[in-house]
Every structure is written in C-alpha cells, then in structure tokens.
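Below: one structure in structure tokens.
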Number of protein chains: 2
Amino acid sequence: MLTNSRLVHQTHDHGRCIKAALTRALDLCVERKARMTPTREAVLRLLWQSHQPLGAYQLQDQLATLLDKKIAPPTVYRAIEFLLQLGLIHRIASLNAYIGCPFPNSDHSNLFMICNNCGSAAEVAHASINELLQTASDKANFTLQSQTLELFGLCPQCAYIENKSK
Amino acid sequence: MLTNSRLVHQTHDHGRCIKAALTRALDLCVERKARMTPTREAVLRLLWQSHQPLGAYQLQDQLATLLDKKIAPPTVYRAIEFLLQLGLIHRIASLNAYIGCPFPNSDHSNLFMICNNCGSAAEVAHASINELLQTASDKANFTLQSQTLELFGLCPQCAYIENKSK
DNA sequence: AAGTGTTACGTTATAATATAACATAAATAT
DNA sequence: ATATTTATGTTATATTATAACGTAACACTT
C-alpha cells in the first residue's frame, strides 16, 4: 500500500517535502513541455504548504498575499486546471477543495482519508482496492475510466485525543 | 453484491418501481415519526423518475412544473436535506447531484457507477469493498465514519454502442 | 532582431450551487 | 382553544466556477 498518511500525520521537515514536490513538478513540466509559471508554482506551493485541502477562494486570498497583487478567480482556476492536468494535485469533490498529490506519475487510485475533526487529508494508493473496484466493474459490465474515493473519519491524532478525553 | 445496475440499465416497469420506492419511504417515515409532505414526496418521485442524478436547480424547475407554483431554492434544498437524512436519496459529490437510493435501511457502501456518456448512475453495495476499505482504514489508524465512492466510465449500453461503432 | 503564432494572464461579468435569516402557515400536542 | 413544534414562503446573499474578450509574455522561424 502506497501511502503518505505517516507523512501527513507526523512531524517532519515540511519545507523539504514542499521542495521535493516542486522539483518533481518541474521535472514533469520539462517532460511534458509545459511551463511552470510563478502563479502555478505559487499555487502548488500553497497546496503543499497546507496538508489540508484548500478551496479555490482560500487559494485566491493566499495567492494575493504571496504575490502581493490582486488575483481574480479565473487566474486561480487556470492554475488549478493546469496542475490537475499534470496530475500534480487532486480535487476532492466532497469538499470542493484541492490538495497536492504526493505521488504524481504513478498510476494510483486517489483514495483519500479525510479527518472530520482537523480537516487533514492523506492520500493512499491501495492496489487491492483498485483491483476489487475493477472486478466489481467488470462483473457489472461497467467500463471503468476514473474514480473518486473519499473516506471521512478521524485521523490517528484526532482519534487519540478523542479517546483520551473520554 | 447488492446491485441495482440491472434495474437501472434495462427496461422495466418503472412506474411500479417508483411506487415501491414511495411505499418504502412512507414506511420509513412512520417508523421515524417523520412527515412525508407533498414537496418532499414530489422531490423523491422526481429523483426516482430519472435514473440520472438531478441537480438542485433541475429539481427546482421540475418541481415548479409538477406542483404548478414558484419554488425557491431553499424549498428544494430542504426537501433534499430531509430525504438525505432518512437515507432515501444520496448526494453524488462529483456531480453536485442527487439520486434515489434503491435500498434504504440497509447498511451499504454508496458505491456509484456513473456513465460518462448517458449520465445514468447505478448504485452498488459491495460488501467486500467495504471490508477492504475498513481494513485499509484500520491499518492507517484511521477511524472510518463515512465514504464517497464514485466510479466513472461507460454503462453496459453505452459501451456496447461504442464498440459496435468501431 | 523582427515578425508570427501560441500560450498564459488580466479583467469584467455572470453562471451554477448552496445557505442565512426571518416571516408565515400548518400540524401536533397539551 | 392554545401553545408548541414543524414545515414552508420569501428575500437576500454566500460560495464555487466559468465565459468572453483583450493584452502581454514567450518561443519559434527566418
């Protein structure tokens, strides 16, 4: 099981992990002959900075501060669209929010575990879930093309705190 | 595997199946001491009438026609909220749309197979997927509370047509 | 280096989805 | 009958997302 849940839920050198994400992104841009502009980079950085999914208008605010100029919604949505296309970020449909993808390039299932308490979201790529979904689709004669899998509950920390306070 | 995909994708006595859904809904209301008002019933009926998920504003239009009066958004959203609470309908997050639940009461996974071509959505309750999701959550120390599972692709009919035309 | 096509961004307006707040009416309980 | 709860009507507005069109930056060719 490919997972970043440890990463998300534990203290770590986050600056480093953002930097790694940007490096991966730049590599991918070279590969795909796409341009990593300042706006796009800033959005990617913001999404990585927060382990919580951010909405487009949260991004707009933070982007305006970061770049110190007015940013209109289309600018944000364009950057989001670009990053989504490259697989560098994901959209979490249940939240209308966006988050950095910890393993772009790799073919994975986009399964998210989202904490109802603190809002953190961990992505998990789980091969056997994918296989099972494929099998279920086959049985139903359904041609599977893409999927949205979002689990809601309590992350380890919040569950721990919740238990302690009982 | 509990499924309504045959039901959805094949011709059947749909009037009868709507009626059955309404009967189940009324029973549930009695059980929960909830009121099935004309607006709520109309929304449930509309959602059952269409095997495609309907958006709130599509419902608003159809509701206005059906009840022959002006309907404001809050009215629609209130009915939706009520039906969601009772588990009589589901919200499909990726589509911002709503659909009747074929097996209310039963504890199930809310897995949808949604056709990218015709828009139909079939709900499937698949015990082993649920188990696997539970196991994956346990391993990650994540306390699972609810889930959104939406598969996109081609329904049997659309896949068949697609293949034929090649 | 100048011209040309493409790609990205700025700007304004608006569409689509959803909810807040408060008034009225209908149903239920006492 | 009256009080209480529950549902609906109504107006306004919040939130999320996109259309349309103009301008600027880039990158390729000559």
For this session: Provide, to the nearest angstrom, the distance between the CZ atom belonging to B/R40 and the C1' atom belonging to D/dA7.
Result: 6 Å

Exercise. Going only through I, L, V, M, F, W and Y residues with side-chain contacts under 4.5 Å, is there a path from B/L111 to A/I114?
Worked result: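 Result: no, two separate clusters.
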
Exercise. Under 6.0 Å from the CG atom of A/N163, do we count more than 12 heavy atoms belonging to anything else shown?
Worked result: yes

Problem set entry | Distance below 4.0 Å between A/R91 side-chain N/O and D/dT16 OP1 or OP2 | no

Problem set entry | Within one Ile-Leu-Val-Met-Phe-Trp-Tyr cluster: A/F112 and A/L132, side-chain cutoff 4.5 Å |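 Result: no, two separate clusters.
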
Problem set entry | Distance, rounded to the nearest Å, where A/K33 contributes NZ and D/dA27 contributes C1' |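 In whole Å, D/dA27 C1' lies 13 Å from A/K33 NZ.
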
Problem set entry | Residue pair B/P102 / B/G100: nearest heavy atoms and the distance that separates them | CD-O, 3.6 Å

Problem set entry | Contacts of type ring-ring contact (aromatic ring centres under 6.0 Å, His included), residue A/F152, not counting sequence neighbours |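 Listed in chain order: nothing, the list is empty.
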
Exercise. Between A/R35 and D/dA25, does any side-chain N or O lie under 4.0 Å from OP1 or OP2?
Worked result: no

Problem set entry | Rounded interatomic separation in angstrom, taking CG from A/L59 and P from D/dA17 | 11 Å

Exercise. Contact boundaries of DNA chain C with chain B (under 4.0 Å, heavy atoms), 5' to 3'?
Worked result: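 Terminal contacting nucleotides, 5' to 3': C/dT17 to C/dT28.
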
For this session: Return the orientation label for the B/W48 and B/H14 ring planes: parallel under 30°, perpendicular over 60°, tilted otherwise.
Result: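 The arrangement is tilted - the two ring planes meet at 30° to 60°.
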
N/O-N/O pairs, protein side and nucleotides 18-24 of chain D side, under 3.5 Å:
residue : atom : partner : partner atom : Å
D/dA20  : N6   : A/R78   : NH2          : 3.2

For this session: Could you tell me which non-hydrogen atom of A/L95 sits nearest to which non-hydrogen atom of A/P53, and how far apart they are?
Result: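 In this case the closest contact between A/L95 and A/P53 is CD1-CG, 3.9 Å.
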
Exercise. Side-chain contact, heavy-atom cut-off 4.5 Å: A/R32 with A/Q85?
Worked result: no

Exercise. Rounded to the Å, how far apart are A/L95 CG and D/dT15 P?
Worked result: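 Spelled out: CG on A/L95 to P on D/dT15 is 16 Å.
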
Problem set entry | Spacing of B/I71 atom CD1 relative to D/dT11 atom P, expressed in whole Å |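 Spelled out: CD1 on B/I71 to P on D/dT11 is 14 Å.
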
Seminar exercise, completed: Note: for A/T37 and B/Y98 on DNA chain C, the residue whose nearest nucleotide lies more 5' is A/T37

Problem set entry | B/I89-B/L59 co-clustered via ILVMFWY side chain contacts under 4.5 Å |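 Yes: a chain of side-chain contacts under 4.5 Å links B/I89 to B/L59.
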
